[in-house]
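One structure is given below, encoded as structure tokens.
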Number of protein chains: 2
Amino acid sequence: MASTSADSGGNTADGATLNDVARVARVSRQTVSNVLNAPGRVRPDTAERVRQAIDELGYRPHRLARNLKTRASRMIGYEITRSRLGVLNPVLDRFVHALVEAAENDGYHVLLFTPDEDGLVTAYDELVGTRTVDGFVLSDIDYGDPRAVALAERGVPFVTFGRPEIAAPHSWVDVDGAAGTAAAVRHVAELGHERIAFIGAPAGSATGDRRAEGFLRAAGELGLTGDDVLDVRVDDDIAGSAEALEHLLSLDVPPTAIVCISDAHAVGVLRAAAARGLVVGRDLAVTGFDDSPLAPLLTPPLTSVRQPLEAVAHRIVANLTTALADPATEPAGELLAPELVTRASTRPD
Amino acid sequence: MASTSADSGGNTADGATLNDVARVARVSRQTVSNVLNAPGRVRPDTAERVRQAIDELGYRPHRLARNLKTRASRMIGYEITRSRLGVLNPVLDRFVHALVEAAENDGYHVLLFTPDEDGLVTAYDELVGTRTVDGFVLSDIDYGDPRAVALAERGVPFVTFGRPEIAAPHSWVDVDGAAGTAAAVRHVAELGHERIAFIGAPAGSATGDRRAEGFLRAAGELGLTGDDVLDVRVDDDIAGSAEALEHLLSLDVPPTAIVCISDAHAVGVLRAAAARGLVVGRDLAVTGFDDSPLAPLLTPPLTSVRQPLEAVAHRIVANLTTALADPATEPAGELLAPELVTRASTRPD
DNA sequence: CATGCTGATTTGAACGTACAAATTTGCACG
DNA sequence: CGTGCAAATTTGTACGTTCAAATCAGCATG
């Protein structure tokens with residue numbers, strides 16, 4: 001005399017509630033709640049009966065009701081920056097995916113939002129004020145990032161991908177950009193290149209400065225000094241880098257390897273090299289940074305520094321969730337090592 | 001004797017509730033609620049007093065509480081497909097951004113989630129069962145998409161970007177892929193090309209078949225028949241297209257223009273052309289599809305068919321929100337026209 | 001067999017809001 | 001100046017859950 005699956009309960013298959021389950025299992029709603037949230041407190045046979053009722057009714061806890069009571073939305077906000085036209089955001093896709101996956105593993109969801117036109121943090125205030133999210137993940141951090149400052153003074157939990165200052169007063173996870181560039185320099189040095197140039201961005205951006213620092217450090221290790229340190233900074237990534245290459249090749253002793261601060265810069269170099277009839281990989285070594293999806297698609301495929309975005313996302317979520325669980329947690333910083341992915345742009349074969 | 005800003009209320013600046021506002025404004029909570037949700041019902045001077053109290057306390061409605069009462073989460077779920085390694089999802093970035101923006105304009109938020117490993121729709125069931133989202137937006141739709149089928153039979157509101165069948169039984173918004181390819185063909189025809197080849201994917205995918213159909217249609221319009229219709233299908237996008245170009249160039253009368261089904265396919269063609277010493281734009285015209293971020297970065301910059309993703313997102317959200325507001329709404333389909341973006345890959349100069 | 005105690009289960013209350021119904025206010029009108 | 005009616009406002013209740021406190025069952029002990 002097994003009970004038929006759906007006809008008897010009274011509920012229309014969908015939308016069973018804690019009380020419905022309790023009625024079917026002949027217990028109180030709190031017992032059902034305990035089966036789900038504190039299994040230790042309920043006797044095994046009762047738990048079994050309740051679980052059966054849950055299956056029978058297809059019950060699922062109402063997320064909003066639970067969250068209202070526990071005063072937590074279990075949502076993490078992430079602002080997707082308005083990608084400027086024509087400029088590719090090399091990491092958004094991969095990082096967001098990794099972030100969502102990491103969050104789900106910890107029982108959180110990721111909510112996306114767009115920045116305000118006015119450049120203020122009203123979107124953050126709104127989400128926090130309405131209790132729509134418990135905390136934030138920020139990326140594209142620069143020196144004295146206004147969002148980080150604003151959130152910190154409001155006491156809103158957040159973790160940044162990247163750090164605004166060497167000693168950031170909040171939790172962050174970052175990839176060691178200096179190590180990445182240094183690895184690229186060492187890579188081409190090992191291939192026999194002695195004259196190595198760096199094409200970077202103007203000083204003043206946190207990420208850019210650190211990547212440049214890695215070049216200078218590696219150049220120092222190779223014993224380069226003075227004019228032998230070919231450090232070029234350009235404003236426009238693609239066009240600027242193309243021009244820069246022209247300039248570098250016109251030197252008395254032109255470089256044979258170009259280490260670029262981003263894949264976009266490398267694109268400019270590749271283009272200018274092709275225009276000159278140079279075969280990159282044979283006549284000239286080129287490296288990029290970010291290992292964006294286009295890196296393997298370029299001609300030739302581009303050696304690039306790959307950021308461990310999955311690990312970054314994982315550590316960010318871990319840090320944020322512990323901070324959410326215990327607001328007294330001290331802020332912590334974590335630096336992860338990138339990995340050089342070598343491709344034809346630095347290989348002769 | 002203006003009231004001081006924060007000291008008197010009793011609440012700690014943060015977390016004022018409807019009742020707190022009511023007390024300060026000397027009205028009932030319902031009146032405060034009405035000021036926000038039904039302004040017509042309350043006398044102007046009372047409304048003003050309430051608004052002042054709201055400002056003073058920095059009150060914001062608690063989203064969870066409101067949603068629990070109204071039985072709507074005002075969230076839209078969007079599954080970010082696990083981007084296969086090395087394969088770039090050309091539209092994810094732009095589309096997601098557009099989707100989030102469109103949703104916000106209608107008072108919704110976008111919640112991201114990852115697919116289940118098992119390929120089932122349990123993630124969808126979970127989100128719907130817990131009332132975490134009100135509906136879904138699906139993309140990467142193919143014939144007989146299992147997610148669309150499952151959601152439809154569960155009665156869950158959703159709109160797809162793309163349509164599985166010509167007459168889909170649910171709401172969808174799609175870009176006219178056939179028109180896009182046809183436009184590319186006409187473009188190169190106008191430039192004087194008479195021998196035009198198409199490199200596509202094997203028959204069997206909804207998007208691919210429609211794009212191929214556009215080529216066949218345009219070829220017909222140009223009076224091409226029989227062996228003059230150069231229709232090549234390849235399995236692997238980049239490597240396959242490179243091979244395909246080799247083959248095409250070995251014909252008695254090789255094509256002078258190649259219309260590709262995707263930007264990735266075009267990459268293969270560009271690569272093979274470069275290897276042959278051909279200058280694309282002068283010796284050979286090449287077009288892609290999707291106008292992915294890399295299109296302008298290729299050498300030469302690639303003419304490509306751009307999908308109006310912002311408009312797609314806008315229409316999808318509009319359709320979904322009306323369906324959510326009135327579940328009796330009939331499903332509707334909407335086809336948008338893409339736009340050809342011409343670049344150096346089809347221009348001699 | 002009453003007592004005490006631990007473990008299991010239930011009842012009461014609350015989270016912050018919105019709908020529905022009830023009450024009060026304001027005002028024109030006979 | 002009471003009556004009636006619409007507009008304005010308030011009170012009661014519920015959404016589905018969890019926490020806190022209260023009750024109940026089981027069982028060994030003296």
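In what follows, chains carry the letters A, B, and so on, assigned in the order in which the sequence lines appear, proteins first and then strands, with residues in each chain numbered from 1. The figures here come from the full heavy-atom set of this structure, side chains too, leaving out hydrogens, waters and symmetry mates. On a predicted model such as this, the values are computed, not experimentally measured, just so you know.
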Side chain of B/Thr70 only, heavy atoms from C-beta on: which candidate in C/dA18, D/dT17, D/dT10 is closest? C/dA18
Taking only the side-chain nitrogens and oxygens of A/Arg43, find out if one of them lies under 4.0 Å from OP1 or OP2 of C/dT9. yes
Do the side-chain N or O atoms of A/Thr31 get closer than 4.0 angstrom to the phosphate oxygens (OP1, OP2) of C/dT10? yes
Separation of atom CZ in B/Arg74 from atom C1' in C/dT17, rounded to whole Å: 15 Å
Please state whether the phosphate of D/dT17, meaning OP1 or OP2, lies under 4.0 angstrom from any side-chain nitrogen or oxygen of A/Thr17. yes
Answer yes or no: does atom NE2 of A/His170 have more than 12 heavy-atom neighbours from other residues, nucleotides or ligands under 6.0 Å? yes
Residue closer to the 5' end of DNA chain D, A/Gln30 versus B/Arg29 (nearest nucleotide): B/Arg29
Send over the distance from B/Leu64 CG to D/dG16 P, rounded to a whole Å. 15 Å
For A/Ile80 against A/Pro115, the heavy-atom pair lying closest together: O-CD, 3.4 Å
Would you indicate, yes or no, if C/dT9 has its OP1 or OP2 atom less than 4.0 angstrom from a side-chain nitrogen or oxygen of A/Arg26? no
A/Ser33 side-chain N/O to D/dT18 phosphate OP1/OP2 under 4.0 Å: yes
Expressed in angstrom and rounded to an integer, what is the separation of B/Leu68 atom CG from D/dT18 atom C1'? 13 Å
Nearest whole Å is fine: how far is C/dG16 C1' from A/Arg66 CZ? 19 Å
ring-ring contact (aromatic ring centres under 6.0 Å, His included), paired with A/Tyr78, selected from A/Phe95, A/Phe136, A/Phe161: A/Phe95
Within this structure, what is the CG-to-P distance between A/Leu36 and D/dC19, rounded to whole angstrom? 12 Å
Cut-off 3.5 Å, side chains only: do B/Asn34 and B/Gln30 have a donor facing an acceptor? yes
Interatomic distance, B/Leu18 CG vs C/dA14 P [rounded to whole Å]: 17 Å
With respect to the side chain of A/Thr46, which nucleotide from C/dT10, D/dT17, C/dT9 is positioned closest? C/dT9
Reckon A/Asn37 has a side-chain N or O less than 4.0 Å from the OP1 or OP2 of D/dT18? yes
Do the side chains of B/Asp125 and B/Arg154 get close enough for a salt bridge, i.e. N-O under 4.0 angstrom? yes
Atom NZ of B/Lys69 and atom C1' of C/dG16 are separated, to the nearest Å, by 11 Å
Value in whole Å for how far the C1' atom of D/dG16 lies from OH of A/Tyr59: 7 Å
Of A/Pro61 and B/Arg49, the one whose nearest nucleotide on DNA chain D sits closer to the 5' end is B/Arg49
